[in-house]
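The structure under discussion appears below in the form of structure tokens.
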Amino acid sequence: MFPKNCWYVACTPDEFADKPLGRQICGERIVFYRGAAGKVAAVEDFCPHRGAPLSLGYVEDGLLVCGYHGLKMDCDGKTAAMPGQRVQGFPCIRSYPVVERHGFVWVWTGVAELADPADIPELEWANNPEWAYGGGLYHINCDYRLMIDNLMDLTHETYVHSSSIGQKEIDEAPVHTTTEGDTVVTSRFMDNVTAPPFWQAALRANHLADDVPVDRWQICRFSPPSHVMIEVGVAHAGNGGYEASPNLKAGSIVVDFITPETETSIWYFWGMARHFKPDDAALTDQIREGQGQIFSEDLEMLERQQRNLLAYPERKLLKLNIDTGGVQSRRILDRILKKERQLIETTNL
Amino acid sequence: MFPKNCWYVACTPDEFADKPLGRQICGERIVFYRGAAGKVAAVEDFCPHRGAPLSLGYVEDGLLVCGYHGLKMDCDGKTAAMPGQRVQGFPCIRSYPVVERHGFVWVWTGVAELADPADIPELEWANNPEWAYGGGLYHINCDYRLMIDNLMDLTHETYVHSSSIGQKEIDEAPVHTTTEGDTVVTSRFMDNVTAPPFWQAALRANHLADDVPVDRWQICRFSPPSHVMIEVGVAHAGNGGYEASPNLKAGSIVVDFITPETETSIWYFWGMARHFKPDDAALTDQIREGQGQIFSEDLEMLERQQRNLLAYPERKLLKLNIDTGGVQSRRILDRILKKERQLIETTNL
Amino acid sequence: MFPKNCWYVACTPDEFADKPLGRQICGERIVFYRGAAGKVAAVEDFCPHRGAPLSLGYVEDGLLVCGYHGLKMDCDGKTAAMPGQRVQGFPCIRSYPVVERHGFVWVWTGVAELADPADIPELEWANNPEWAYGGGLYHINCDYRLMIDNLMDLTHETYVHSSSIGQKEIDEAPVHTTTEGDTVVTSRFMDNVTAPPFWQAALRANHLADDVPVDRWQICRFSPPSHVMIEVGVAHAGNGGYEASPNLKAGSIVVDFITPETETSIWYFWGMARHFKPDDAALTDQIREGQGQIFSEDLEMLERQQRNLLAYPERKLLKLNIDTGGVQSRRILDRILKKERQLIETTNL
């Protein structure tokens, strides 16, 4: 139950730098590789000759060569050549619209005619040299919507991440959720609190005292199909918080791209974009490592939650005020899914 | 096909000493923890908020705190509190009658109104300081009745445990089985035999010669749902065997509590209670280690027997004289299961 | 979809030298052991007493003793004895025609009355002291026909085994396929090429120069149900190639016996028979190790091809000229399978 007529993050370019990458996205087995003129290509991971996975092959002169019997596939899913064979009549395999942008590879698994690269979100932090980005990838066995719920309700930080970014005040601060079009924003402001360990380190990295009260903020923005960007930060208390002048605060954007693999598994691209010290590669590594550790704490919870939900499919879950972000996001997804079904029923697409 | 209106051993208290214990019993996902006033509690391992397993949480002031978003569960399955929420209207989860007794935690997964702690068996060895007990737990992928069969027919010792407690005479001695009410007793007496290694060591521990002929006995007692207590021992030959005076024999009770996890998997609590040297903790450890080693020899046999039976579901097994103990035990279980079905059909329970 | 009225290689005698061997062949769970007078026996791996796998037992006086309760099984599937029991009325289990020949154990899982040991293929290399043989066994999760395809189209060597036996000329040389009765022969001759590493070593082992052009040949012979013998070799170029005099060439037979375990898994017995230096045991070991390494390169390809085909069951594969060997072999198998179905419909067998 995931939208298909939309752009998902499929991978990062380093993942197919040496050899083709086979990855299942939205139930489709796809191979990603760098084809003619260095352009990213994505076709079915299924050789039309005998069904071998093309991802076990290699790239030669911009063509994907099957590692079993040497069939050469072009980026449109048409066989370009095969030793000793006339290939004009070979059946095509499916190719997927694919775009390399913002440091990621974006794929469209729906109706190709509807794919418009202009719909890929703008990400200032990805292209402005004043920002730095570091991130990673986790495979998690859960419905992609459980991950959206997780990110749109940060009260879980108090419990799941109690030793790093969690603190009791998150739980206690009221949360405010608004929906505008297809975007859901859920925010929480905690004034005059102690900075938890992660943010103390960030204050120090900004040459700010780390032992004074701070105003802390978390502003989560969901946009379909499953992107959640979270502005997070702290400012020395009493200076306007989120609106404080740059020299009094430390902040960043938690970046979350959630890509369904199957109905109950995801590729979770997580990262952090920061607006300070963009050239400090060691700091990028350090933040990546810390964030990777913290975000790994969610895995067991999400996977066992998923198993519980599969074991008790008839149970209705609660929708509390803290869940409003996730509930509103799911409502938007339901609307998009309904549109997709109507499209299928009323057109040839 | 296991009775539900009965007490099963669920775990031992040390298993949830540090954190809640999630365990499936009779197909139910249950979390065990020590709640208010140190009393053991057992509720569904399913948070009513978003379905997270409560066993990933922790205990605070006698309440079970969900490790995802902080919901606080009481021992009756009612939500006691949640940060920032009114919880009166929250749906209940199921709680299970649970009793800590004899060093074990006993749980009732059937109709709660029928649960009477007086039905938990009396176990003299568990409470009398003249006895010592040591044991362990194995998870085995087999129907609980295959384990009952195993324990009610000890001829398998000759083959499965040939290097420790098995000996040819077990096979050759006639077996005698009686049923009285819901108890099945199957016994075997081997007079004037050589003690196998395990019993030679036990004789030495009792300051008895280990190189003289012995009279050996095995008296297996099944009681529902799946408890098998086995009196075992040896006496210097010709002194009355089982009835010999205490200074001429070494004996103990093999303790077996078999708890269904699913239709084809069990939690097997095994142990040994002995009536000599109760304060010798090193001896307890030594026996536990030896018994654990011996009992582990049954695992592969039981799991592969189960796989064979699943692969050939239409085959009828033989019911020989040596199988009478198991056959009679299954007959009692069938009667109990029939009663449970009638109870469901004729009442609201 | 595999023929059952035929002889398959089940195992090699060393596999049950110490204890019985349990192995699934054509969906049947079978135990192999050396019974009375050292004769190989094969019966169902299912004790008629309680369903335990007999392969966990041991052999005593030519009888297979169940490792659970000591039932003694003879090679015809009849219980010979059991301690304290009259066994005349015990139900039989199935026994399988089985023959030890050519260094292998051959089993017949179809109608026993049709089993004729004369149908086991003659293998000169297995019995002539001028030949040496070395081989091994791989378990692969794929339909046995994918392995036949693999071996009847050696163009894959260019891609899968590029660093050892593959070379571009394989791809480029035309392939010639003929069918005669139930045998398919597909051959390829490459004249005046450079010997790849494996064949350079073979030339040296034959005291021949390894740095001169060679004529290379590959002659694959399929015979049902799934035997593929491949004559391979090189001769110094211009001396008649395959027909060159023995002192100018190096050659051998690649031996492949493919035995279905289930519809999508096989036991793959691979090896090499050579007609030179038959007494050089170190050379046998060296070739086995090299071949084992090379043949292991096919495993991932075959298993992932199988998964692709299961994921896209409706797709038709291409049948190119290079695939003719496999296509013709499958046609013969289809004919045999049709006959087996007719046999079942029209007789009591």
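Just so it is clear: chains get the letters A, B, ... in the order the sequence lines come, proteins before strands, and each one is counted from 1.
Within 6.0 Å of NZ on B:Lys168 lie more than 12 heavy atoms contributed by other residues, nucleotides or ligands. The environment of CG in C:Asp18 is sparse: at most 12 heavy-atom neighbours from other residues, nucleotides or ligands sit within 6.0 Å.
Between C:Pro83 and B:Asp171, the shortest heavy-atom contact is CG-OD2, 2.8 Å. Nearest approach of B:Leu317 to C:Gly51, heavy atoms of both residues: CD2-N, 3.9 Å.
Looking only at heavy-atom pairs under 4.5 Å with chain B, the residue among C:Ser55, C:Pro53, C:Ala52 that has the most is C:Pro53. The residue among C:Gly84, C:Gly57, C:Pro48, C:Gly22 with the most heavy atom pairs within less than 4.5 Å of chain B is C:Pro48. Ranked by heavy-atom pairs under 4.5 Å with chain C, the first of B:Val160, B:Ile322, B:Leu320, B:Thr155 is B:Leu320.
With a 4.5 angstrom heavy-atom cutoff, C:Cys66 touches chain B only via backbone atoms. Of the atoms belonging to B:Glu157, not a single heavy atom falls under 4.5 Å from chain C. For a residue to count as touching a neighbouring chain, one of its non-hydrogen atoms must lie under 4.5 Å from one of that chain's; by this rule B:Leu146 touches chain C with the backbone only. Looking at B:Arg304, both its backbone and its side chain come within 4.5 Å of chain C, counting heavy atoms on both sides. Residue contact with chain B, scored on non-hydrogen atoms closer than 4.5 Å, involves the side chain of C:Glu44 exclusively.
Atoms OH and CG, on C:Tyr68 and B:Asp153 in that order, are 8.0 Å from each other to the nearest 0.5 Å. Taking CE from C:Met82 and CG from B:Leu318, the interatomic distance works out to 8.0 Å, rounded to the nearest 0.5 Å. Note that NE2 of C:His49 and CG of B:Asp323 are 3.5 Å apart. Values are rounded to the nearest 0.5 Å. Rounded to the nearest 0.5 angstrom, B:Arg307 CZ and C:Asp45 CG are separated by 10.5 Å. A distance of 8.5 Å separates NE2 of C:His69 from CE of B:Met301, quoted to the nearest 0.5 Å.
Between C:Tyr58 and B:Tyr159, the angle of the ring planes stays under 30°, which puts this pair in the parallel group of the 30/60° scheme.
Taking 4.5 Å as the limit, every side-chain heavy atom of C:Arg50 sits out of range of all side-chain heavy atoms of B:Leu309.
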